[in-house]
Amino acid sequence: MLSKLGEITVMTEISTFNQGKEQPIKASEIDPTFKYELEKLPGAEKIFLCFQCGTCTSDCPIARFSDSYRPRTLIHLAHLGLRDRVLNSDTLWLCSACFTCTDRCPQNVEVDSIIRVFRNLAIEKGYIPQGLRDQTQTLLETGYVSKVPESRIKKRETYGLPPLPKTNPQTIKKILKNIPFFDRINQTTATATLPQPQGDNKNDSQ
Amino acid sequence: MTHSKWLFFLGCAIPTRGISYEISARKILTKLNVELIEMPEFNCCGLPLDPINHEAMQILAAKNLALAEQQGLNILTLCPGCASTLKKVNKTLKADPQQKDEINQHLKETGLTYNGTIETKHLLQFLKEDIGLETLKNVITHPLTNLKVAEHNGCHILRPKKIITFDDPEDPQTLKTLIEATGAECLDYTDKTQCCGLPSAAINEKIALQLARDKLNHIKKAGAQALITICPSCHTMYDTNQPRVEKTFDETYRIPILHYPQLLGLAMGLTPQELAFGELRVNPEKITQQLATPTTQKLDVEPPLRPELVSEIEKTITNGKFTKVENFQKEYMLE
């Protein structure tokens, strides 16, 4: 199972498996302060307005092809105070930020922002998917979120395109130095592999 | 046509996987008398940092906006992700002076200050609002009649609606109207505002591929000869990964995916070579040949995939799951 190694746990393989989905809730898991904490965070202010209608989940393109990613469920878990179930959930990382849920919510809850707040909190706890960590490292080193291959730079010349604008990675480090986590991103850490899901990735039968 | 000057914000996706988009966009903008000034310095717009830390995203975006303010020009981008991020942060910080001060505190050491004096527009919004349909119609010299295409807007150009205010996210009209201006027919199809899935590909590729298949099925059913996109990421999903979708689900599409400036460029009389059609993975020969033939005669034979690309695709389709961005880049961008 997912284990924390060092300060940061890098999730190398993200399944669509929702940990503990089938397990009954224990009283010791409940943290009644969680929702009040969330309410104060920018983006999650309207979490109490959610009345669990499920419009977000039924309109979610990811939920169509995943057996476990359900935005409504994530918000419900937060309402119940199940902090760890939300923040340790690997399905949290499946949202593709298409904003359909936010646009269609009858209560004007910014569902995408709430998911983003969950992710920010999960990162604070030290959980990060491998891909996101790699991207962040590249960004801090180069100013670009993905390395522009040498072949592309040569191709630009061939096509007569102007050279790529300069980035200034040093200033990026400077402006992000007071943000928690960025000082930890380069730490050498071990990785953890998540279990493979059973019976997920259903095929669309249209 | 009035001359206008814009600061060109490239972003990260265009240099890594959107060269044909950039080339064709620069060509049509030159023809439309738009002068593009290159950003002297820039960094990632900030969007990819949002899941990590919301404030970090705002700081990066504010830095870009501050750099642009030094130039005193409004920003034009080709990437809807960059456009919406810069817009969102601009809007938030303009409305909240306290937050603006906080962000400026982070920027202080670099000598930059964000003031909120410029705007950002994506190419699509720019064509609609600053060029206008009438001007556009006047530069169309080779109307693309007989061509039936479908549109794909993508998410960041439409949603969230309170940030992106220039179109209706449930029934978008801008791209459709711009396509129709070229003389081509824009077909309707099921779930046309659905996400391409690329952001989830690095987390779970099966979901992303299923979303792409879903879209390609709908387009095929509608009978579109090509799909028109305005986002480098959506284009990667449908063009670069189309052979991958075909192989994974045992389907055949061979639907060419064009960037909107490529379509517009053809209608303006630019050649496929000038518009970098050679950089597209799915062979667009079928449509370029049809357009070159004055009659409505259609090609019967499916053009084959480019042989040099087939071997590359074979190499990159693996059963294993990719876990690193490095591998993701290798597999999805086929260097």
Side-chain angles (χ1 to χ4, degrees), chain A residues 12-16 42-43 61-62 65-66 93-100 102-103 112 116-117 119-120 123 128-132 134-136 138-139 143-149 151-152 155-156 159 161-162 164-168 171-172 174-176 178-182 201 203-204 206, chain B residues 10 12-13 15-16 19 22-23 26 38-44 47-56 59-60 63 106-107 109-110 112 155-156 158-161 169-170 193-195 197-200 202-204 206-208 210-211 213-214 217 276 321 323-326 328-329 333 335:
Chain A
T12 52
E13 211 165 79
I14 303 249
S15 65
T16 55
I62 302 297
F65 298 106
S66 158
W93 301 95
L94 280 171
C95 164
S96 70
C98 75
F99 312 114
T100 311
T102 298
D103 270 7
D112 76 284
R116 191 258 304 150
V117 169
R119 286 175 171 187
N120 288 180
I123 298 257
I128 185 165
Q130 174 90 49
L132 199 56
D134 291 348
Q135 276 192 339
T136 312
T138 311
L139 175 58
Y144 287 93
V145 77
S146 40
K147 284 187 183 111
V148 185
S151 59
R152 296 278 157 146
K155 203 173 241 178
R156 294 184 69 82
Y159 275 111
L161 290 172
L164 290 176
K166 272 188 219 113
T167 58
N168 197 336
T171 58
I172 297 175
K174 269 186 202 163
I175 58 177
L176 296 181
N178 293 325
I179 301 292
F181 187 76
F182 286 92
N201 289 329
N203 282 329
D204 182 32
Q206 317 191 14
Chain B
L10 215 50
C12 304
T16 43
I19 199 162
E22 186 186 345
I23 292 168
R26 283 181 189 273
E38 307 301 316
M39 290 276 289
E41 186 196 318
F42 98 118
N43 51 252
C44 162
L47 180 64
L49 286 191
D50 206 22
I52 292 188
N53 186 297
H54 187 56
E55 200 178 7
I59 296 169
L60 278 195
K63 185 188 170 214
H106 290 282
L107 295 180
E109 215 181 305
T110 59
L112 291 164
C155 300
H156 288 89
L158 301 174
R159 294 180 289 262
K161 64 184 168 201
E170 299 296 344
T193 59
Q194 187 167 284
C195 172
L198 190 76
S200 298
I203 305 292
N204 184 306
K206 275 188 191 157
I207 290 180
Q210 284 179 104
L211 272 165
R213 173 178 72 155
D214 203 38
N217 277 341
K321 285 191 167 49
T323 51
K324 285 180 175 247
V325 163
E326 210 179 296
F328 172 69
Q329 276 195 357
M333 296 163 200
E335 270 317 306

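These figures come from a predicted structure and were not determined experimentally. Letters go in sequence order (proteins before strands), and every chain restarts at 1.
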Residue among B:Pro48, B:Pro160, B:Pro40 with most heavy-atom pairs under 4.5 Å to chain A = B:Pro160
Pick one of side chain, backbone, both or neither for B:Leu49, based on which atoms fall under 4.5 Å of a heavy atom in chain A.
-> side chain
What part of B:Pro15 is in contact with chain A, defined as an atom under 4.5 angstrom from a non-hydrogen atom: side chain, backbone, both or neither?
-> both
Max heavy-atom pairs within cutoff under 4.5 Å with chain A, candidates B:Thr193, B:Asn53, B:Thr110, B:Leu107, goes to B:Asn53
Using a cut-off of under 4.5 Å for heavy-atom pairs, which of A:Gly143, A:Cys98, A:Gly43 has the most such pairs with chain B?
-> A:Cys98
Side chains of B:Asn204 and A:Phe65 in contact at under 4.5 Å (non-hydrogen atoms) = no
Applying salt bridge (charged side-chain N to carboxylate O under 4.0 Å, His left out), name anything that partners A:Arg156, two or more places apart in sequence or on another chain.
-> B:Glu22
With a 4.5 Å heavy-atom cut-off, do A:Ile179 and B:His106 have their side chains touching?
-> yes
Considering only NZ, NE, NH1 and NH2 on the basic side and carboxylate oxygens on the acidic side, decide whether B:Lys161 and A:Asp103 come within less than 4.0 Å.
-> no
Against chain A, label B:Ile52 side chain, backbone, both or neither, depending on which of its atoms sit under 4.5 Å from a heavy atom there.
-> both
Hits for side-chain contact (heavy atoms from CB on, under 4.5 Å) against B:Leu47, two or more places apart or cross-chain, chain-then-number order -> B:Cys45, B:Thr85, B:His156
So, do A:Tyr144 and A:Leu164 sit near enough that their side-chain heavy atoms are less than 4.5 Å apart?
-> yes
Name the member of A:Ile175, A:Thr136, A:Ile62, A:Ile123 that forms the most heavy-atom pairs with chain B at distances under 4.5 Å.
-> A:Ile175
Which of the residues A:Asp112, A:Asn178, A:Ile172 is involved in the greatest number of heavy-atom pairs with chain B at under 4.5 angstrom?
-> A:Ile172
Which bit of A:Tyr159 is near chain B, if near means a heavy-atom gap under 4.5 Å: side chain, backbone, both or neither?
-> side chain
Hey, mind stepping through B:Phe42 and A:Thr167 against side chain to side chain contact (heavy atoms under 4.5 Å, CB included) and telling me if it holds?
-> CA-CA 5 Å; B:Phe42 98 118; A:Thr167 58; 4.0 Å; yes
Check whether B:Glu38 gets within reach of chain A through its side chain, its backbone, both or neither, counting any heavy atom under 4.5 Å.
-> side chain
Atom group of B:Lys63 that falls short of 4.5 Å from chain A, counting heavy atoms | side chain
Does the side chain of A:Asn168 reach to within under 4.5 Å of the side chain of B:Asn43, using non-hydrogen atoms?
-> no
